[in-house]
Amino acid sequence: MKGFASRILEEAERILAESWRRLPAWMPLLWCVGVAIYFRPRYEPGLVFPLVFLGAGLLIILLKERACVTRCVGLAMILIAGGFLGARWDAHSRPSMPYLPRHAVELSGRICGISLMAPRAEGQAATRRLRLCHAVFHDWLNDGMAPLRRDLLIRLKPQDVTPLSSGQIVRVRAMLRPPPWPVYPGARDLQREAWFSGEAGRGYALGSVQPMVTERVLFNREGVATLREKVARRIVQHLSGQVGAIAQTILCGETGGLSRHTREIYAASGLAHLLAVAGLHLGLVMGFTLFLLRHALALWPRAALNWPCREIAFGAAWMVGTCYVLLTGAHLPALRSLGMATLIVIALMTGRQALSLRSWALVGMALLIARPSIALDVSFQMSFAAVLALITGYEKLRPLMRRLHYRRDVLAKMRTHLVMLTATSFFAGLATLPIVAAHFNVVQPWFILANIVAVPIAAIFIMPMGVMALLTMPFHLEAGFLQVMRYGISSINALAEWVTHFPIAQIAIPHAPAWAMLAYGVSLCFLCLIRSTWRLAALPGIAVVVVSPWLVTRPDIFVSSDAALIGVRRGQALYLTKPGFMQKGAAQKWVDDFSLKARAFDDLRHDPEMDCDGDLCLLNVAGRDVLFNFVGPHRASTTTRTAFCARSLIKINVAPARPLCREAGQMDRFHAWRDGATAIYMAVSPPRLVTDRSWRGARLWVPSNGGQGVPNLPLAPEE
């Protein structure tokens, strides 16, 4: 046994010795493991686990001076403990969720941002949404309250054209609602996202907004938002429709004008990344600035002979890229790209290697330490998976690219660019494919073809002209550049529409389990960072992640968080009761996440396995009887009601405040109000009823039973 253990230790030492230059690249993954461990429990974890793990890691490093494996294990334990502690600190440093009035309320606050929202239906006008900071409610209950420490998002009425700008103090009457519950246990947690984003809730205005005070705007959060609004207005003056909305998205980060159709065709064709400012856009902006400035300085003899033109061009390109990231909202993918670009510029100016796994790991660790919760963000996962695949993939292609680079004929250069575009689309798309499938439940098989055509159009016609339009806007000379952008954007729109109509342009994928993303991250890092043939051991792990959506048991019955919507699964069909306005999103999410086809619940009334008396129905689901009460048992006879109650295993009572059966096993609106959405598994033995509260547990962002947040108690005179 000792000999076997020593051989394993020797093999591990050999693998680490072969890949020792890539060991720092494991640091972001290990930090993410610690973050995932913090978010996994159904209770708020304490400090015992991270402190014990941290102490054990330090002891291993201090006591084991010779073995590289044990040192790496100790360092891994320290990083996992660090990720856990960072996530816990990030969660506990957030302000608590405030109580939001359930009735119409008059409120005032400062505008921290204005965004344009897409119309809810075809033919309607676009509306504006305000982000209000330091909001105060003006009613008798909240009189004298301190300003909210979280922001409110208020959607204005379409006919409200009141001139507004960031920094203003406004007053408006609105209906508010807290972040919604997940639509089923294990679904996207909007309450957790709101907790870490500083959002208190959302609502819609009942009347026109009233400006009260306009404060002087400096170059801060409100100042950048004001500049973004001015740029968006100037773009709309020259470009209309969805072309203008896409130009606003690319140049100033305003995505509200994008219609649902535009988002769908870009997603179906694999071009959705063009609508999210990230590494591609920043690279094109900085590359065009570098190209323009270097050639301009080369044409000036004095500068070319006496000035450090290369360093000046790199510094100017970095400054333009930084301004572009700030203008577009400084979102996570753009910040990650800016961090990588900063390290690349420093490396090029100092004669070091421009792009490496160490720089990738350094940027990742900086973002994770600053905000550990981004490890759960889909944009973070996609960005770092794509960059990791690109770095390691181009390392393998370096001999081929070097041979193609030294050929000077035009055909060889065109071939080189085509190979680079194809390889970039292939590596980045293939690495992010499982992440896209897990988060969006869809796969686009034609993404490589679409990107080979779309990326050169963006590199030649869209981003360079966009940079020139931004630079010439202070002089009102942007019209010509925006018109050239129009042709490029229209070409990509036509391409996206064309690819969307290809066969199997979109393949629906069921909902992936919670462990899939962590397993995929470990497998991808093992495949890309291990240099020996042991890297092939990651392929079975990736294969398991790919097929994991089909390994998950699907619920047989869905109940929404307000018990107003019920879905019963029969095979690949989901029979839904008539959803209200608030339940349409939940119904669509059930259908999309589990690859089902929506059907009306009334279609089951013709099923021989369904027995109804009035609005009391007994249905056989997966071999067991379930009783549904839609209005009230008073419409059914006492004999039928007693028989149904005796036969049914689970009773679902949708009628409010009306008892159904005396037997146990009932679920009604009170249970949904207390525990959130419910998923019932009838095919397992015994049947399992999973509520959202039992799935998420008692965490900081999960409201208490029926709770809506901490009351906004007025301050006492002494306070």
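Just so it is clear, the values below take in all heavy atoms, side chains as well, and ignore hydrogens, waters and symmetry mates. If you read the sequence from its start, that first residue is 1, and numbering goes on from there.
- In this structure, L100 CG and L176 CG are separated by 5.5 Å, a value rounded to the nearest 0.5 Å.
- For W31 and F84, the ring centers are positioned 6.0 Å apart or more.
- Cation-pi contact between R693 and Y43: absent, since separation from the ring centre below 6.0 Å together with deviation from the ring axis within 45° is not met.
- Salt bridge status for D189 with R696: present, with a side-chain N to carboxylate O gap under 4.0 Å.
- Rounding to the nearest 0.5 Å gives a distance of 11.0 Å between CG of L47 and CG of L54.
- Atom CD1 of I566 is separated from atom NZ of K578 by 15.5 Å, given to the nearest 0.5 angstrom.
- Note: E193 CD to W701 CH2 = 12.0 Å, rounded to the nearest 0.5 Å.
- Using the six-membered ring where Trp is involved, H511 and Y184 have ring planes that are perpendicular, over 60° apart on the 30 and 60° scheme.
- Under the 30°/60° scheme for interplanar angles, the aromatic rings of F558 and W590 are found to lie parallel.
- Residue P50 comes nearest to A81 through the heavy atom pair O-CB, 3.4 Å, listed as atom of the first residue, atom of the second, then distance.
- With respect to E199 and R150, no salt bridge is recorded, no charged nitrogen being found less than 4.0 Å from a carboxylate O.
- Between atom OH of residue Y204 and atom CZ of residue R129 there is a gap of 16.0 Å, rounded to the nearest 0.5 Å.
- The minimum heavy-atom distance between I542 and Y520, with the atom names listed, is CG2-CE1, 4.3 Å.
- Looking at heavy atoms from C-beta onward, D692 lies out of side-chain contact with S561 at the 4.5 angstrom threshold.
- Residues Y38 and E44 bring a donor and an acceptor atom of their side chains to less than 3.5 Å of each other.
- Using a 4.0 Å cut-off between charged nitrogen and carboxylate oxygen, D603 and R599 do not count as a salt-bridge pair.
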